[in-house]
Amino acid sequence: MKNQLIISSNLGTLFLSLLTILIALLFILSSCSTNNISSKGALDNNNAERVYVPPGEYDEFYAFISGGYSGQLSVYGLPSGRLFKIIPVFSQDPEKAYGYNEETKPMFNTSFGFVPWGDAHHPDLSQTNGEIDGRWCFINENNTPRVARIDLKTFETVEIIELPNSAGNHSSPYVTDNTEYVVAGTRFGVPVPQRDMPIDHYKGNFKGALSFIKVNPEDGKMNLEFQVMMPGFDYDKAHPGRGKSHGWMFFTTYNVEEENSLLEVNASQRDKDYIAAVNWKKAEEYIKKGKYKVMKTNYAHNQYDEYTHSATSKMIKEVKVIDPAESPGVVYFVPMPKSPHGCDVDPSGEYIVGSGKLSADVTVHSFTKMINAIENEKFDGEAYGIPIINFEDALAGVVKQPGLGPLHTEFDAKGNAYTTFFISSEVVKWKLGTWEVLDRKPTYYSVGHLMIPGGNSQKPFGKYLVAMNKITKDRYLPTGPELFHSAQLYDISGEKMELLLDFPTIGEPHYAAAAPAELIQPNSKKIYKLEENHHPYVVRNESEARVERDGNEVHIYMTTIRSHFAPDNIEGIKVGDKVYFHVTNLEQDFDVPHGISMIGANTSELLIMPGQTETFIWKPQNEGVWPFYCTDFCSALHQEMQGYVRVSSKDSNVELKWSLDGE
Ligand code: RUQ
Ligand code: CUA
């Protein structure tokens with residue numbers, strides 16, 4: 001019995017120790033697999049839940065992502081990464097008739113004539129007291145220098161202003177704390193005014209214009225207030241001062257060598273380029289005192305009116321110019337290593353982060369130290385009459401060897417900065433003030449900009465970070481040689497960043513901006529009220545629909561309502577006529593547009609929102625009876641929404657008449 005007991009207790013010990021080993025093994029295995037899952041990012045169930053917005057529910061943020069060479073601006077929801085809308089801005093859009101219909105064509109007027117394409121880089125949202133206010137979104141056009149304003153009530157482009165004396169409008173557009181200005185710097189140095197001269201006379205002769213566009217606080221209307229005419233460096237990126245540095249603008253420069261060929265070598269000779277610090281409050285004082293030059297020029301200012309549903313274009317012939325050499329206190333140069341790209345100011349306004357593309361470190365300057373140096377007039381020479389501050393006198397700190405090819409930095413609300421590294425394909429989180437690296441996560445691949453909602457304002461919303469990548473490679477199913485770029489969503493609410501989601505973007509996403517939905521959603525327009533429609537060719541009632549001839553021009557005043565056009569039978573049109581379809585959508589319900597297209601029209605369809613009037617021109621070329629139809633599936637009888645135009649010979653005497661159901 002005793003023996004038996006001993007044996008069984010021995011067995012018990014063995015069993016216990018086996019159990020311990022098993023539990024330990026299970027533990028090791030399970031911790032291994034958690035590691036595996038979290039390093040796989042979006043494969044984590046938990047991560048999937050964090051971006052999942054159930055059907056019928058709304059996203060937390062609106063994100064406005066630039067369309068790059070598509071010239072447009074896209075609207076996404078975060079965290080889902082769902083695409084809500086593509087807002088046409090600088091390029092014609094046959095889907096919405098933007099730039100094709102008669103009403104919006106003037107939006108593309110420039111000093112070069114009709115320019116129907118643009119390269120859009122940087123969206124930036126309007127602010128009040130350094131916080132995003134959800135009223136307007138501004139975006140630059142790089143190629144034919146322009147800045148557009150999008151109204152976030154209608155999500156339509158309502159204004160485009162051209163920038164004279166500029167070329168490659170890249171350090172643009174950046175919004176100051178109270179949207180006093182939208183600031184836009186030229187990338188290329190050019191002769192100002194433009195003239196015929198040898199290219200290699202660049203040095204000392206070319207100029208770089210920094211444009212200060214004043215924004216009307218009531219309605220957002222833009223006005224080019226003045227330009228600061230800088231030396232012909234390349235002005236790459238910019239950032240307004242925030243809080244304590246409000247009143248200043250900071251621009252990164254490269255090619256201070258002022259080379260005109262093989263810049264990849266020749267513009268990298270100097271160890272340091274500059275941050276140009278521009279005191280725009282000071283510049284305003286010079287303007288007020290009349291201390292500026294008026295330069296003859298020519299640029300377009302185009303505005304879209306929500307009530308006439310039409311755009312107008314005006315050419316402006318003058319601009320006020322400030323010469324920094326003759327206006328002490330307006331501009332200072334602060335050295336910054338190695339061809340800096342991004343220029344970013346933290347939410348407190350104290351730190352100016354410059355990312356030298358060829359530098360191993362990220363250099364941060366202190367606004368307070370810069371001001372001290374200016375007050376003590378402690379300078380290290382000058383360039384073209386602009387004082388240069390000693391590098392060390394402005395230096396706040398250096399983030400040591402954080403990665404390769406630093407480009408852009410944004411901030412959270414907890415004193416952290418996040419910088420993208422193009423060459424080493426990663427986002428690196430570091431601490432302001434101590435400059436220590438806290439975390440790094442790979443991006444797929446070659447990240448350019450990043451965006452944290454509110455991350456360039458005084459009030460970042462934290463939570464998410466979107467990295468916008470230049471190379472997609474193996475992230476999606478291949479679609480031939482061209483792949484959409486990838487954006488990646490990270491959760492930054494914890495100590496470590498977590499990759500949650502990949503999603504494709506349109507064109508090339510350079511920069512983006514985002515705002516909490518509650519700042520925008522309640523103001524979003526649902527319909528245009530018919531009684532507020534002041535389009536010159538509006539018809540508010542089917543009984544007013546008609547056709548009028550004026551020589552060989554024919555104007556059709558047409559209406560649409562579910563599910564017919566009025567009129568839908570038109571006769572007496574002749575070959576060689578110029579037929580205007582002015583179409584008013586009589587619907588007063590949310591989300592009931594009608595479309596219209598005419599066979600052989602050399603333009604696009606129209607897509608007309610409730611209460612709106614739009615126009616396209618059709619030039620009938622052959623006799624016959626030609627149909628038109630509604631292009632938007634608007635009702636159960638959408639397919640019945642159609643009509644005919646009878647076209648007779650040039651010299652025919654078929655009478656002009658129109659009808660709906662024979663009336
Ligand atoms: S750029 S990837 Cu056009 Cu803003 Cu830096
Ligand atoms: Cu109207 Cu389909």
Side-chain angles (χ1 to χ4, degrees), residues 53-64 72-78 80 82-89 93-98 101 103-104 134-137 149-158 219-220 304-311 514-535 537-542 545 558-566 582-597 604-615 629-641:
V53 178
E57 283 184 24
Y58 294 137
D59 275 280
E60 200 181 334
F61 291 95
Y62 280 98
F64 301 89
Q72 316 297 42
L73 177 69
S74 55
V75 187
Y76 283 82
L78 296 181
S80 73
R82 296 182 294 185
L83 175 64
F84 295 151
K85 185 175 182 177
I86 294 171
I87 303 173
V89 186
D93 179 12
E95 181 191 330
K96 299 181 185 72
Y98 179 79
N101 64 26
E103 286 78 6
T104 53
R135 299 208 284 170
W136 309 298
C137 182
R149 179 170 60 91
I150 290 108
D151 189 329
L152 295 183
K153 287 201 308 291
T154 58
F155 286 66
E156 302 278 358
T157 304
V158 290
D219 56 17
Y304 182 83
D305 183 302
E306 189 184 313
Y307 299 100
T308 60
H309 300 280
S310 305
E518 71 250 23
L519 284 181
I520 296 173
Q521 184 186 3
N523 309 322
S524 191
K525 211 173 184 78
K526 296 204 160 60
I527 59 162
Y528 295 102
K529 287 192 188 132
L530 258 184
E531 66 266 26
E532 291 177 355
N533 180 331
H534 298 300
H535 190 289
Y537 291 93
V538 64
V539 249
R540 292 194 190 80
N541 198 305
E542 237 171 52
M558 185 181 270
T559 62
T560 64
I561 198 151
R562 278 161 290 180
S563 298
H564 59 267
F565 295 98
H582 306 287
V583 188
T584 302
N585 181 355
L586 298 179
E587 304 282 355
Q588 293 286 271
D589 266 350
F590 185 28
D591 201 21
V592 190
H594 292 284
I596 180 170
S597 67
S604 75
E605 59 142 8
L606 299 179
L607 188 68
I608 312 149
M609 296 306 128
Q612 198 176 30
T613 306
E614 290 190 9
T615 303
Y629 68 96
C630 174
T631 48
D632 183 299
F633 204 105
C634 50
S635 67
L637 296 173
H638 152 80
Q639 214 55 352
E640 279 73 9
M641 196 165 169

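Here the structure is a predicted model, which means the values were calculated and not measured.
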### Message
Between N585 (side chain only) and I608 (backbone N and O only), is there a donor and an acceptor less than 3.5 Å apart?
### Response
yes

### Task
Just say parallel, tilted or perpendicular for the rings of Y62 and F155, cut-offs at 30° and 60°.
tilted

### Query
Taking NZ, NE, NH1 and NH2 as the nitrogens, is one of them in E531 or R540 under 4.0 Å from a carboxylate oxygen of the other?
no

### Query
Is there a donor-acceptor pair under 3.5 Å between the side chain of D305 and the backbone N or O of Y307?
yes

### Query
Should the ring pair H309 and Y528 be called parallel, tilted or perpendicular, given that the plane angle runs from 0 to 90° and is split at 30 and 60?
perpendicular

#### Entry: Side-chain H-bond candidate by donor/acceptor type, N533 with T584, under 3.5 Å
no

### Task
Go through the side-chain N and O atoms of E103 and T615 and say whether any donor and acceptor fall under 3.5 Å apart.
yes

### Message
Checking the side chain of Q588 only, and the main-chain atoms of I527 only, is there a donor and an acceptor separated by less than 3.5 Å?
### Response
no

### Task
Supply the atom-to-atom distance T560 OG1 to E614 CD, rounded to the nearest 0.5 angstrom.
10.5 Å

### More than 12 heavy atoms from other groups under 6.0 Å of OH on Y58
no

### Query
Would the number of heavy atoms belonging to other residues, nucleotides or ligands and lying under 6.0 Å from NZ of K529 be above 12?
no

### Interatomic spacing from OG1 in T613 to CG in L586 - rounded to 0.5 Å
9.0 Å

#### Entry: Other residues, nucleotides, ligands: >12 heavy atoms within 6.0 Å of K153 NZ
no

### Query
For the side chain of Y98 and the backbone of V89, is there at least one donor-acceptor N/O pair under 3.5 Å apart?
yes

### Donor-acceptor pair between S563 and S635 side chains, under 3.5 angstrom
yes

### Message
Could you report the tightest heavy-atom contact between C137 and L73, atom names first, then the distance?
### Response
SG-CD2, 3.9 Å

### Message
For a quick test of reading the model, state the closest non-hydrogen atom pair linking S604 to A97 and the distance between them.
### Response
OG-CA, 3.4 Å

